[in-house]
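So that the names make sense, note that chain A is the first sequence line, chain B the second, and so on, each numbered from 1. On a predicted model such as this, the values are computed, not experimentally measured, just so you know. Basis for what follows: all heavy atoms, side chains included, without hydrogens, waters or symmetry-related copies.
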Protein chains: 2
Amino acid sequence: MTDKQRHSWVSIRDSIREMILNSTYGPGDKLPRDEEFAASFGCARSTVHRAMRDLAQSGLVERRRKGGTMVRRDPVTRATLNIPITRLEVEQKGSTYGYQLIRQSVQPSSPAIMANFDLPEARPMLRVEALHLADSRPYIFEDRWICLETVPEITSVDLTRESANEWLVRNRPYSRCDLRLYARPGTPIDSEVLQSTPGDALFVMERTTWIGEAPITSLCAVAHPGYQLFTQG
Amino acid sequence: MTDKQRHSWVSIRDSIREMILNSTYGPGDKLPRDEEFAASFGCARSTVHRAMRDLAQSGLVERRRKGGTMVRRDPVTRATLNIPITRLEVEQKGSTYGYQLIRQSVQPSSPAIMANFDLPEARPMLRVEALHLADSRPYIFEDRWICLETVPEITSVDLTRESANEWLVRNRPYSRCDLRLYARPGTPIDSEVLQSTPGDALFVMERTTWIGEAPITSLCAVAHPGYQLFTQG
DNA sequence: TACATTAATATGTAGCTACATATTATTGTC
DNA sequence: GACAATAATATGTAGCTACATATTAATGTA
């Protein structure tokens, strides 16, 4: 360690977090300017900035140019959810992956999909219903709508051979993602598609993604009974 | 825009992502060194570094000192899940929040909890069973274990008045979080606690957190029928 | 040839100057 | 007092030098 002790952005982040957690700064409070923190920690403004960016990303504070930094009023537990490509998930379980395109058609977005995307008017979309299988048994059924204005090239993809899920993860990055997760009893249609019993507890994941302001896809994925979504981070 | 056109780390990130998505670089491929990218983009290495950090964070590439940058073999859809403090979630729905401590006791971690934390031996933990209510109706039942070696101060908290959930979000940051989400039919015990019908489809969220290597808490939260976890980002 | 030691390397970071920009505060005008 | 215009401000970023460090490659030794 040199005479000039160099500050760690990590230790500065942790010090600021500690001041928030011990209520030196409470919810809604303005924090000192980066410059002021730099002076009091004896480091560079960019080091404070690096620490603050991390705190903002983890949901503890919010930042605004000129407006300054504020402790968030609504602290949350933030976790990163990694949603795997279904084929890789199945293969990682040691099972054999199968895929069936049930039907696809171009149609205007339904009211539910318009609501998910917050669209004032219907847009032309490709609706894809497909079944993912593990060892020839139904694994996940997905009902997906893809916006043709944002992803016109999806019409050239052979979705009998490759799932839209996989194509989109590989080809269409998103910048925003809404998630709705819940349990519901299986309907007769669910039971037919998933070969389960009506009334079974089914895990449902609805996901809507955008790139910038442009809607990409909105899907409802219904998993077979017993499915668990597991993520580490 | 000045004569010296300044590069945006965002546009560099997007260019690199495009090269990955169009298979210029495939899964497992090594990317050029930051220095090389800087030369070819005509910008600074730190600008490339900033772009790469974002790509790493979003799960597209992985970085190693000396080892370089590699396209990940297992691309994922990554979403940030914001798990709210239950009281705020209830209040945001316009309902009145209620909280009941059912029981708490100090006991050695159970085998299931040891497995969640990957512990070779039992640790002394505080087990807390509690019920969150909305408008006097059961909302979420949580069975939580808190590691007393990591969070000894939890024994001084009056958990009849404040949920462990809320205390921990406010006082005990975590650096790692494992999640397991699933649906299952309600057991007779679930039904009694949640005042639901046995067999109802229940959404279950298991969450285990660490600070560094130290285990913090592991809980199983069982939501009332119809509950939906919604997150935007 | 196997293993230990040392050197090299590519990313990670601290700090600095200078500029960019979204926001907020102040001033001017009616 | 309300609104528009302008100025000020606090964060965000580009690029640079220098140093730190985890890893990989090369060299030395038995």
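- Nearest-nucleotide assignment on DNA chain D puts the 5′-proximal partner with A:Glu35, out of A:Glu35 and B:Arg64.
- Taking atom CD of A:Glu62 as the reference point, atom P of C:dT23 lies 12 Å away to the nearest angstrom.
- Under the side chain to side chain contact (heavy atoms under 4.5 Å, CB included) criterion, B:Ala115 pairs with no residue at all, not counting sequence neighbours.
- Residue pairs that meet the ring pair (Phe, Tyr, Trp, His ring centres under 6.0 Å) test with at least one member in residues 45-68 of chain B, sequence neighbours left out, do not exist here.
- Whole-Å rounding puts the B:Arg65 CZ to C:dA10 C1' distance at 10 Å.
- Legend: residues meeting side chain to side chain contact (heavy atoms under 4.5 Å, CB included) with A:Glu35, ordered by chain and number and at least two apart, are A:Arg33, A:Arg45.
- Residue A:Trp9 contributes atom CH2, which lies 19 Å from atom P of D:dA20 at whole-angstrom precision.
- Each end of the helix from C:dT1-D:dA30 to C:dC30-D:dG1 yields a helix axis from five base pairs, and these two axes differ in direction by 0° (to the nearest 10 degrees).
- Taking every heavy atom of residues 44-57 of chain B and every atom of DNA chain D, pairs under 4.0 Å involve B:Ala44, B:Arg45, B:Ser46, B:Thr47, by number.
- Distance check: A:Ser109 OG to A:Trp145 CH2 gives 7.0 Å after rounding to the nearest 0.5 Å.
- Annotation: A:Tyr139 is not in aromatic contact with A:Tyr97 [ring centroid separation under 6.0 Å not met].
- Residue pairs satisfying the side chain to side chain donor-acceptor pair (under 3.5 Å) criterion with at least one member in residues 110-126 of chain B, sequence neighbours excluded, are listed as follows: B:Asn116-B:Ser218, B:Arg123-B:Glu149.
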